[in-house]
Every structure is written in C-alpha cells, then in structure tokens.
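Right, one structure below, let's go through it.
Here the structure is a predicted model, which is why all the values come from computation and not from measurement. Whatever order the structure lists them in is the order used to number ligands and atoms, beginning at 1.
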Amino acid sequence: MTRAVAVRLGAFAGALALAFAAAFALGSAVDPVAAADPAPAADSHGGGGDGMSGMPSEEPADAHGAGHSEASAQPPGLAVSQSGYTLVPRNTFFQPGKAQTLAFTIQGPDGKPVTQYTKTHEKDLHLIVVRRDLSGFHHVHPTRSADGVWSIPFTFTAGGQWRIFTDFQPSALGKTLTLGADVNVSGLYIPVPLNEPASVYSVDGYDITLAGKPVAGKESSLTFSITKGGKPITDLQPYLGAFGHLVSLRGGDLAYLHTHPSMEAKAGMKGGPEIEFGTTFPTAGTYSLFLDFQHAGKVRTAEFTVNVTSDGTAIVPPSELPGAGEESPHGH
Ligand SMILES: [Cu+2]
C-alpha cells in the first residue's frame with residue numbers, strides 16, 4: 001500500500017461521518033480532474049466545478065495568439081498537439097514482428113475527429129514511422145474511415161520506443177501541421193547507431209550521392225544524384241507529385257522537416273539523375289535525411305547523416321577523430 005493511501009485511510013478513520021462524506025466527495029471531485037488535466041492549466045480551475053468543459057474553450061482561443069509565438073517558432077513534429085489539433089493514437093502498445101493495426105485520429109478544435117482535409121502531395125495525410133534511434137524509417141499512407149479514424153496495417157520490426165509523425169492540412173486551417181507521438185513496441189531494444197556522415201548511400205544496386213553544404217538557419221541547396229551500376233538514372237518516376245520526398249529529422253529531439261523539389265512532377269514525366277532540394281535546417285546539429293524516390297515502379301529510401309553547422313563548414317566526422325571506435329552503420 002502506498003504512503004498516500006495509508007495517510008488517507010488514517011484521516012478517514014479519525015473523521016466524523018459527515019466529515020468522512022465531505023472528504024470522500026472532495027476526493028472524488030478532485031482526483032479525476034487532476035488525472036485528466038494536463039499540468040499547465042492547473043491554475044485556471046479556481047473558479048468552479050466545470051473546469052473540464054471550460055478549459056478547452058479558453059485554451060485554444062488565446063493560447064494561439066500571442067502566447068505561443070515561442071512554440072510556433074519550434075520546428076514541426078515535436079508536439080502531439082498544435083493550433084487546436086491533436087494526434088490521438090488508438091493504441092500505443094505493440095508487439096514486434098507481426099502485422100498490427102496502427103490507428104489514430106486527428107482531433108480538431110471541436111474535440112471531434114477531423115474528416116475534412118486539404119491534400120498535400122496527393123494525400124490527405126502522410127504518416128512517418130521511425131524508431132527513436134532513427135532506424136526503421138517508413139513513410140506510408142493510411143486510409144481514413146468516414147468517422148475520421150486513420151488506420152494502416154503496420155509491422156514494427158523491433159522493440160523500442162517508436163515515433164509516429166502525421167503530416168497533414170485540415171481544411172479548416174490554412175497551413176500544414178506535423179504532429180508527433182511516441183508508441184511502445186515490446187521486446188528487446190538494441191539501439192542502432194546512425195550511419196556515419198557520408199556522401200554516398202547504396203540501396204538495391206542504386207548509388208545515391210549527396211552534394212551540398214547546409215548552413216543552419218538559411219535555405220541550403222541539397223542535390224541527390226542517382227546512379228545504378230555507374231549509369232545515371234534518367235527515368236525517375238513521379239511519386240506523390242514529386243521526383244523525391246525528403247524528410248529530415250534532427251538528432252536529439254527528432255524535429256521534423258519535410259521538403260520537396262521545387263519542380264512538380266506529373267504522371268509521364270521523367271526525372272533524374274539529379275534531384276535538388278532547398279532545405280532550411282533550423283539549427284546546427286546532426287540530421288538524418290531520408291530520401292524517397294521511385295524508379296521502375298518501386299519506391300526506395302536513401303538515408304544520410306548530415307552535420308549542419310552555423311557557417312557551412314564540415315564538422316569532422318567522429319570516425320576521423322583520434323581514438324574513434326569501429327564504424328557502425330545502420331546495417332543494411
Ligand atoms: Cu506521404
């Protein structure tokens with residue numbers, strides 16, 4: 001029995017029947033509010049009994065005016081709730097290695113699941129799933145039921161804490177949002193170190209070369225060149241309205257940046273061998289870049305680790321520092 005429960009029972013035993021009833025009523029009135037109430041709003045409940053109904057209406061209204069200028073300066077993907085919209089996973093516990101349903105709703109300012117979306121890159125919602133160590137990246141597109149529940153069969157490959165990012169634009173909001181939440185996958189967790197910073201990544205016989213000198217806080221040009229067997233690929237296929245989709249996640253907090261080439265890609269067009277992106281990395285640091293591209297009917301993902309500095313000079317990769325350990329790439 002916990003200390004708090006013991007103390008409470010002691011108080012009850014010594015009380016008059018009336019006091020007992022009052023204490024009990026107080027306890028039951030207070031506990032559910034405390035449990036359901038996120039910490040910041042604690043002060044606003046002084047007024048009365050219907051804090052739960054009062055809170056949602058007063059929060060979004062002014063919280064998104066002046067008060068949130070600092071929060072809105074944060075990169076996307078760090079919060080489960082923003083601008084009145086909240087990502088609500090249906091389940092946050094999963095088993096590894098078997099297909100399960102990953103389901104969630106986007107709860108709107110009215111507290112109901114959002115059912116009206118404005119398409120971005122041909123989809124109402126983009127779902128990124130990645131383990132917290134940045135392994136196991138997936139970019140997928142769930143389907144939505146009429147009542148606003150998004151779902152997709154998904155197999156988490158290994159145990160650990162995984163992050164899901166939802167990238168979407170509610171029709172009622174004039175901008176895209178990226179909301180993120182963590183889910184738990186049971187099983188032994190063996191974290192995988194990041195790839196060393198490198199300018200070439202190989203997948204399925206394709207060699208992808210990255211060129212560019214990203215500078216923190218400024219739009220930087222990144223160019224990916226794709227070859228296979230030494231031959232430049234010149235017939236990349238449009239995938240979701242672009243020849244490439246680039247998701248960058250910041251090391252340390254998994255802040256999320258999603259960028260596309262300036263050129264729109266329509267059906268029948270051919271792209272490559274180069275795909276160019278203008279990306280603004282908000283701060284110096286290490287970023288993991290995931291490039292999705294489509295060739296010969298299949299979408300593949302290239303992964304890069306990039307050190308972004310404040311002046312565009314390369315940071316010496318850890319492997320080249322004296323005394324560095326063995327290389328330990330993501331292991332494909
Ligand atoms: Cu997508």
Query raised in the report: With ring centroids as reference points, do H295 and Y206 lie under 6.0 angstrom apart?
Result: yes
Requested in this report: For the Cu ion (ligand 1), find the closest N/O/S atom on H139 and give its atom name.
Outcome: NE2
Query - Whether N184 side chain and T92 backbone form a donor-acceptor pair below 3.5 Å - result: yes
Report task. Determine which of the N, O or S atoms in H126 is closest to the Cu ion (ligand 1) and give its atom name. Result -> ND1
Query - the Cu ion (ligand 1) - name of the N/O/S atom of H141 that sits closest to it - result: NE2
Report task. Verify the distance test for H121 against the Cu ion (ligand 1): any N/O/S atom under 2.8 Å, yes or no. Result -> no
Query raised in the report: If you draw a 6.0 Å radius around CZ in R90, do more than 12 non-hydrogen atoms from other residues or ligands fall strictly inside?
Result: no
**Report entry** The single option from P142, P89, P113 passing side-chain contact (heavy atoms from CB on, under 4.5 Å) against W150
**Finding:** P142
